[in-house]
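Working notes for the structure below.
Below, chains carry the letters A, B, ... as their sequence lines are ordered, and counting in each starts from 1.
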2 protein chains.
Amino acid sequence: MARTARMSDVARLAGVSTMTVSRVLNRSAGVTAKLQQKVFAAVEQLHYQPNDLARSLREQRSHEIGIMVPYLFDPFFAICAHSISAVAKQHSYSVVLSTSDEDPKTEYEEVSRMLRRNVEGLIVIPSHAQAGDSLLLAPQFDRMPIVTLDRPVEGSGFDCLLVENEQGSKLGTEHLISMGHKRIAYIGLSDELYTMCMRHRGYENAMLGAGLRPAASICTSALEDALVKVRRLMSLKQRPTALFCANNLTTRHVLHGLQELGIYPPETIALVGFDDFETADLLRPGITVVRQPSELLGRTAANMLFKRMSESRKPTAGKRIVLPVELVVRGSCGALRRKPS
Amino acid sequence: MARTARMSDVARLAGVSTMTVSRVLNRSAGVTAKLQQKVFAAVEQLHYQPNDLARSLREQRSHEIGIMVPYLFDPFFAICAHSISAVAKQHSYSVVLSTSDEDPKTEYEEVSRMLRRNVEGLIVIPSHAQAGDSLLLAPQFDRMPIVTLDRPVEGSGFDCLLVENEQGSKLGTEHLISMGHKRIAYIGLSDELYTMCMRHRGYENAMLGAGLRPAASICTSALEDALVKVRRLMSLKQRPTALFCANNLTTRHVLHGLQELGIYPPETIALVGFDDFETADLLRPGITVVRQPSELLGRTAANMLFKRMSESRKPTAGKRIVLPVELVVRGSCGALRRKPS
DNA sequence: CTGTTAGCGCCTTCAG
DNA sequence: CTGAAGGCGCTAACAG
């Protein structure tokens, strides 16, 4: 009882060869009922569990996929990871998960580790990288089915699943414009992040299209920075009458900043945010958002990956799929001020 | 170029044996600088990556730990998973993650799969089970270092990390009592969940200790059920003047129910919730909560696991560690109504 | 229908 | 300091 049982232990106890045990466990055809019984009895008695590591090595299939996300405490990423995990479970695949903290080097190292573990495929929310600069362009990733989620890796042949960032941002901004706002400020994180860049662009296009002047504030992800930016904006002589926030983090930070000033949109200033969040409709008033289909995103990415994995390896060029977003109108944009009774 | 390079390919190209390659890659002492160079050159040329599966099989160490959580879209669980993952990264371990959806059978199957993959340790937030009934009590888990998080597995020898559920709940309830409330209702999920049972008990003790009559509503995790319960409570002749909600999901659902009725605590009714959440202080007024140290919980559990893994296997009885919670007073309990100016 | 042989890719052990 | 042999636990391919 010094160590865990091996297949040979089972075989010996059942009085058969390891091949017979293997066949019984893998439900391969053609083993006498009698022997099957003996094998099962021995398995039970020894609490035998097959060693999947050995099996994977032998079969050259790990039955694992890898997931790489920046953070797990961002609800958007967590939901993606959850739904990917659900699909993997359906396929009887294990999931190896890691977090990059948005650091390209960490991402590279962790993804490399997954490769060495022979994952059969990879879903990555790539960290920030200059175009053509991603460490994921290294040659060892060429032969691996990879789907990037939320952001592309420029210059790669990876499948890629995005949302309508630019279009959604335009939609949200135009909604504010349609309500008569002229001075609409944009608040987001660094444009080096693909999603931020696209959303910024959508905002600008909407503004320019309406003959208005865009004005963007770029924050770090620290709360304090957002607070400073909000204070400055609100103390302008010509202060904005509306804000467009580029993701759920920014939205929350900006709301904190406004709260500090005793301002609650749409009073004094209207607000629309990109990316829905759990309590957006519990705030008073509710926050109008451009909603991304997070759960569907994860599920779709996983399905794309399993499809790719089942193909006869001809990666040619990666597919690019863009999922639609939707405007969810709540109170913060001012649209519900006159309630129909 | 038909397949990925093996160590023997590197050896051949470098004109050495596989052992020399192995030694160079593992920085074992005693290889000529000249040969080292040759090996590195060959590695580079072939884009050679060692096969960790084979290494694990050979070394009987997978360098993997497993994490099992109910859901990843619950922020509490997601934060735990994130901090566990961070610690694992520090130790150069990979993380295999799965979700049980609170289903004991899924939990058992997924954890078993992890065992077969030879994870070296396991952190589990156990799904609901009657005492002594958990499938994790099966004999194959006896020899595996396991830390359970947030909830214990009764009758197991697993290490266990909890928070002061009962005490925290008592604290929150007593806070409401201290503000003069007599009719304080409890709203939580099924008492079959360990945390719920403990929090319910803490509430009851606080009530009985103050000579008050407890009144509990038990909801399912569906929003609709909570809405019904809230409506019923608020239509009572002797309706409660305060509510204690047992977790962040319940709190949010109850707030939705109250919002539907146009009620915003502490007006009409005061409210305290167990478990903090992202926007609790953005609501108007902010929600008073009993805060659990989610990030610390994950980190501590991971440290406990790595400690256990490094020990010379004498599991004796599992350790049980209980982390403190803290009351965060915001507006919803009514304590801030008279602001000192 | 069952068993034997061989090898997945790597590293420990022991020779040279 | 380097190499050859052997085996981690399993299964494909080929006997019998």
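Remark: C1' of C:dG9 and CZ of A:R117 are 13 Å apart, rounded to the nearest angstrom. Between the CG atom of A:L53 and the P atom of C:dC8 there is a distance of 17 Å, rounded to whole Å. Put simply, CE on B:M7 is 13 Å from P on D:dG3, counting in whole angstrom units. Atom pair B:R6:CZ and C:dG7:C1' shows a separation of 11 Å (rounding to whole Å applied). Computed from coordinates, the B:K38 NZ to D:dT2 P distance equals 10 Å when rounded to whole Å. Summarising the geometry, the separation between CG on B:N51 and P on D:dG9 is reported as 17 Å, rounded to the nearest angstrom. If you measure from atom CZ of A:R55 to atom C1' of D:dA12, you get 14 Å, rounded to the nearest angstrom. In this entry the distance linking CZ of B:R61 with C1' of C:dG9 reads 19 Å, nearest Å.
Picking from C:dG9, D:dA12, D:dG3 the nucleotide with the shortest atom distance to the side chain of A:L57 gives C:dG9.
Across all strands shown, B:M19 has heavy atoms under 4.0 Å from base atoms, whether or not it also approaches the sugar-phosphate. Across all strands, A:L35 comes closer than 4.0 Å only to sugar-phosphate atoms, never to a base (heavy-atom distances). A:T18 comes within contact range of at least one nucleobase, with a heavy-atom separation under 4.0 Å.
The shortest distance between the side-chain N/O atoms of A:Y48 and the OP1/OP2 oxygens of D:dG9 is not below 4.0 Å. In this structure, A:S22 does not reach the D:dC10 phosphate: none of its side-chain N or O atoms is under 4.0 Å from OP1 or OP2. At the phosphate of D:dT2, OP1 or OP2 sits under 4.0 Å from a side-chain N or O atom of B:T32. Between B:T20 and D:dG3 there is a side-chain N or O to OP1 or OP2 distance below 4.0 Å. Listed pair A:Q60 / D:dT11 fails the phosphate criterion, with no side-chain N or O lying under 4.0 Å from OP1 or OP2.
Ion pairing between A:E120 and A:R61 holds under the 4.0 Å rule for side-chain N and carboxylate O. Of the charged side-chain nitrogens involved, at least one lies within less than 4.0 Å of a carboxylate oxygen, so that B:K307 and B:E311 count as a salt-bridged pair. Of the charged side-chain nitrogens involved, at least one lies within less than 4.0 Å of a carboxylate oxygen, so that A:E102 and A:R151 count as a salt-bridged pair. Taking the charged nitrogens against the carboxylate oxygens, A:E109 and A:R113 have no contact shorter than 4.0 Å, which rules out a salt bridge.
A:F158 has its ring centre no less than 6.0 Å from the ring centre of A:F141.
Side chain B:R58 to base C:dC11: a donor-acceptor pair is found below 3.5 Å. One can find a donor-acceptor pair under 3.5 Å joining the base of C:dG3 and the side-chain atoms of A:R23.
Side-chain atoms of A:S98 and A:E110 include a donor-acceptor pair closer than 3.5 Å.
Heavy-atom distances to DNA chain D give each of B:V16 and B:A54 a nearest nucleotide, and the one nearer the 5′ end belongs to B:V16. Annotation: of the two residues near DNA chain D, B:E59 and B:S17, the 5′-most nearest-nucleotide partner is B:S17.
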